[in-house]
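Just follow the structure's listing: the first ligand is 1, and inside any ligand the first atom is 1.
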Amino acid sequence: MDQSALMNTYGPRAVKLVKGDGCYLWDDQGKRYLDALSGIAVCGLGHNHSDVTAAITEQANTLLHTSNLFGIESQERLGQRLREISGMDKVFFSNSGAEANEAAIKIARKYGHSKGIDDPTIITMSGSFHGRTMATLTATGNTKVKQGFAPYLSGFVHAPYNDVEAVEKLVASNANVVAILVEPIQGEGGINIPANDYLSRLRTLCDQNGLLLILDEIQTGNGRTGKYFAYQWDNFLPDVVTTAKGLGNGLPIGACLARAEAAEVLQPGNHGSTFGGNPFCTQVADTVVKSLTENGLLDNVIALGNHFKTRLEDAFRNSDKVKEIRVKGLLVGIELSGASAEVVPKALEKGLIVNATAGNVVRLLPPLVMSQEQADFTIDTLIEIINAM
Ligand SMILES: Cc1ncc(COP(=O)(O)O)c(C=O)c1O
């Protein structure tokens with residue numbers, strides 16, 4: 001087989017993975033790899049998880065799709081479960097992260113119109129990534145991924161990340177601002193962790209100005225940082241939270257959760273999706289969310305994250321090859337002094353799957369079920385590769 005029939009959106013792909021089990025994947029030549037990427041923060045429970053596979057099988061034998069013209073029991077159950085976990089009031093289910101953000105953007109705009117603002121504007125951050133649809137691409141603060149797709153939508157302005165004063169200035173100078181959309185930690189941007197009080201200060205700014213605080217937890221949600229949502233490390237609630245990726249452990253599902261006034265903005269006819277919230281994906285995601293919150297799994301995320309941090313910092317403390325180690329739970333970034341792309345094929349050669357992002361960052365997003373032994377293999381392999389560069 002060759003890839004010539006596929007649009008070249010992902011470039012050439014050398015390895016073809018055909019089977020997975022736990023934290024391991026196998027290619028079509030039978031070679032085994034330790035997965036320290038989870039399909040980019042998707043398979044938090046690892047591959048072929050018994051409860052997830054059982055839920056898939058059972059639901060496939062029961063019902064796949066009905067449309068949202070009918071009530072869907074698993075959609076309601078998953079909605080209740082996420083509501084209890086998040087402190088939000090209501091949820092809209094989508095098929096992807098970008099679509100979850102589209103729902104959030106539409107909530108912000110309609111919220112603005114309800115306040116008499118005809119040109120509602122959303123503040124987003126430089127270095128951010130919010131998706132590939134035109135609205136989420138416009139919201140994205142990374143010029144490289146936006147290049148070639150102008151004209152963008154109006155109604156977005158960018159501020160530097162981790163700079164509350166810059167956001168304050170934008171709010172003070174623009175009466176059309178209705179919302180702030182921000183990642184609690186920038187994932188694609190290179191695992192950028194802001195100051196401890198960054199989000200709560202943005203919360204205060206939103207409260208003072210009647211703005212919606214929208215958190216993009218598409219990458220940071222579903223246990224990735226050791227809390228179900230990253231904002232739960234702090235003591236405040238956003239108005240809107242979006243998530244996807246780890247929510248379905250591999251099935252396509254996203255969610256836009258909202259609270260209080262923001263939860264009431266979308267009314268019949270305002271928004272929808274043919275596939276969003278279908279019986280299959282919501283039944284499986286309900287099992288995924290339940291499993292993520294059981295058996296101390298999130299404690300494992302925190303403990304293993306600390307292990308990664310300690311060992312990587314010890315290994316590279318005096319290295320001129322590594323600038324910084326950034327870790328929150330199992331979001332791990334190793335910022336190199338040079339380009340990080342060459343680490344990926346070298347790791348593959350040694351049976352390890354990692355990722356390079358933001359030019360010079362090696363990104364690890366291991367399954368949340370990874371063992372310490374597997375973490376040590378990941379760390380030892382990376383130390384060997386980076387030291388030899
Ligand atoms: C923070 C964030 N937002 C949005 C998206 C887009 O999600 P999707 O690819 O599911 O549309 C991503 C994907 O990487 C992401 O990391």
Side-chain angles (χ1 to χ4, degrees), residues 7 9-10 37-44 92-108 122-142 144-146 149 153 156 158 161-162 179-194 198-199 202 213-225 227-231 238 240-257 273 275-278 281 284-285 288 326 328-333 354-358 361 363-366:
M7 284 194 198
T9 44
Y10 306 103
L37 185 60
S38 314
I40 322 184
V42 169
C43 303
F92 174 84
F93 288 109
S94 64
N95 310 289
S96 67
E99 285 172 274
N101 281 340
E102 288 279 346
I105 290 164
K106 284 178 74 174
I107 288 174
I122 300 172
I123 298 175
T124 70
M125 307 306 154
S126 48
S128 63
F129 184 80
H130 297 295
R132 303 277 190 173
T133 61
M134 277 315 301
T136 58
L137 191 66
T138 304
T140 290
N142 171 341
K144 205 167 140 206
V145 301
K146 297 171 82 148
F149 298 105
L153 274 66
F156 292 89
H158 302 297
Y161 191 57
N162 196 19
I180 297 170
L181 167 61
V182 59
E183 293 162 89
I185 294 170
Q186 291 187 334
E188 301 305 300
I191 317 294
N192 300 322
I193 304 175
Y198 177 59
L199 295 175
L202 291 181
L213 179 63
I214 306 172
L215 296 184
D216 179 340
E217 293 240 21
I218 284 154
Q219 190 157 151
T220 54
N222 307 297
R224 181 55 48 196
T225 70
K227 300 280 184 192
Y228 197 89
F229 289 109
Y231 68 81
V240 179
V241 188
T242 57
T243 194
K245 287 192 179 279
L247 182 57
N249 210 62
L251 289 196
I253 179 168
C256 173
L257 296 135
S273 165
F275 296 125
N278 68 72
C281 289
V284 176
V288 171
R326 297 190 283 270
K328 188 77 179 176
L330 289 176
L331 269 175
V332 179
V354 300
N355 173 248
T357 191
V361 177
R363 179 172 51 163
L364 309 180
L365 301 162

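- Counting heavy atoms closer than 4.0 Å to ligand 1, residue Glu99 contributes nothing at all.
- Listed by atom number, the atoms of ligand 1 under 4.0 Å from Glu183 heavy atoms are 1 (C).
- For the pair Ile40 and Leu365, the minimum side-chain heavy-atom distance is below 4.5 Å.
- Looking at Asn95, Val42, Ile218 and measuring to atom 5 (C) of ligand 1, the nearest heavy atom belongs to Ile218.
- Neither the backbone nor the side chain of Ile40 has any atom closer than 4.0 Å to an atom of ligand 1 (non-hydrogen atoms only).
- Between Asn142 and Phe129, the closest side-chain pair of non-hydrogen atoms is not below 4.5 Å.
- Residues His158 and Lys146 share a closest heavy-atom pair of NE2-NZ, 3.4 Å.
- Proximity of Lys245 to ligand 1, defined as any heavy-atom pair under 4.0 Å, is confined to the side chain (atoms from C-beta onward).
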>> One pair to check against side chain to side chain contact (heavy atoms under 4.5 Å, CB included): Leu215 and Val182. What are the steps and the verdict?
In response: CA-CA 5 Å; Leu215 296 184; Val182 59; 3.6 Å; yes
> Are Thr140 and Val145 close enough, and set up right, to give a side chain to side chain contact (heavy atoms under 4.5 Å, CB included), and what steps lead you there?
Replying inline: CA-CA 8 Å; Thr140 290; Val145 301; 3.7 Å; yes
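- Around the OH atom of Tyr198, the shell of radius 6.0 Å holds more than 12 heavy atoms that belong to other residues, nucleotides or ligands.
- Given atom 2 (C) of ligand 1, the protein heavy atom at minimum distance is Phe129 O, 3.3 Å.
- Of all atoms in ligand 1, listed by their number and element, those nearer than 4.0 Å to a heavy atom of Asn101 are 3 (N), 4 (C).
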> Checking side chain to side chain contact (heavy atoms under 4.5 Å, CB included) for the pair Leu331/Thr225: CA distance, chi angles, key distance, verdict?
Replying inline: CA-CA 6 Å; Leu331 269 175; Thr225 70; 3.9 Å; yes
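- Each of the atoms 7 (O), 8 (P), 10 (O), 11 (O) of ligand 1 lies under 4.0 Å from some heavy atom of Gly97.
- Protein heavy atoms all stay at least 4.0 Å away from atom 9 (O) of ligand 1.
- Protein heavy atom at the shortest distance from atom 16 (O) of ligand 1 is Gln219 NE2, 2.9 Å.
- Of all atoms in ligand 1, listed by their number and element, those nearer than 4.0 Å to a heavy atom of Asp216 are 1 (C), 2 (C), 3 (N), 4 (C).
- Here atom 6 (C) of ligand 1 lies nearest to Ala98 when heavy atoms of Gly189, Ser128, Gly254, Ala98 are compared.
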>> Apply side chain to side chain contact (heavy atoms under 4.5 Å, CB included) to residues Glu188 and Arg363 and explain how you reach the verdict.
In response: CA-CA 9 Å; Glu188 301 305 300; Arg363 179 172 51 163; 2.7 Å; yes
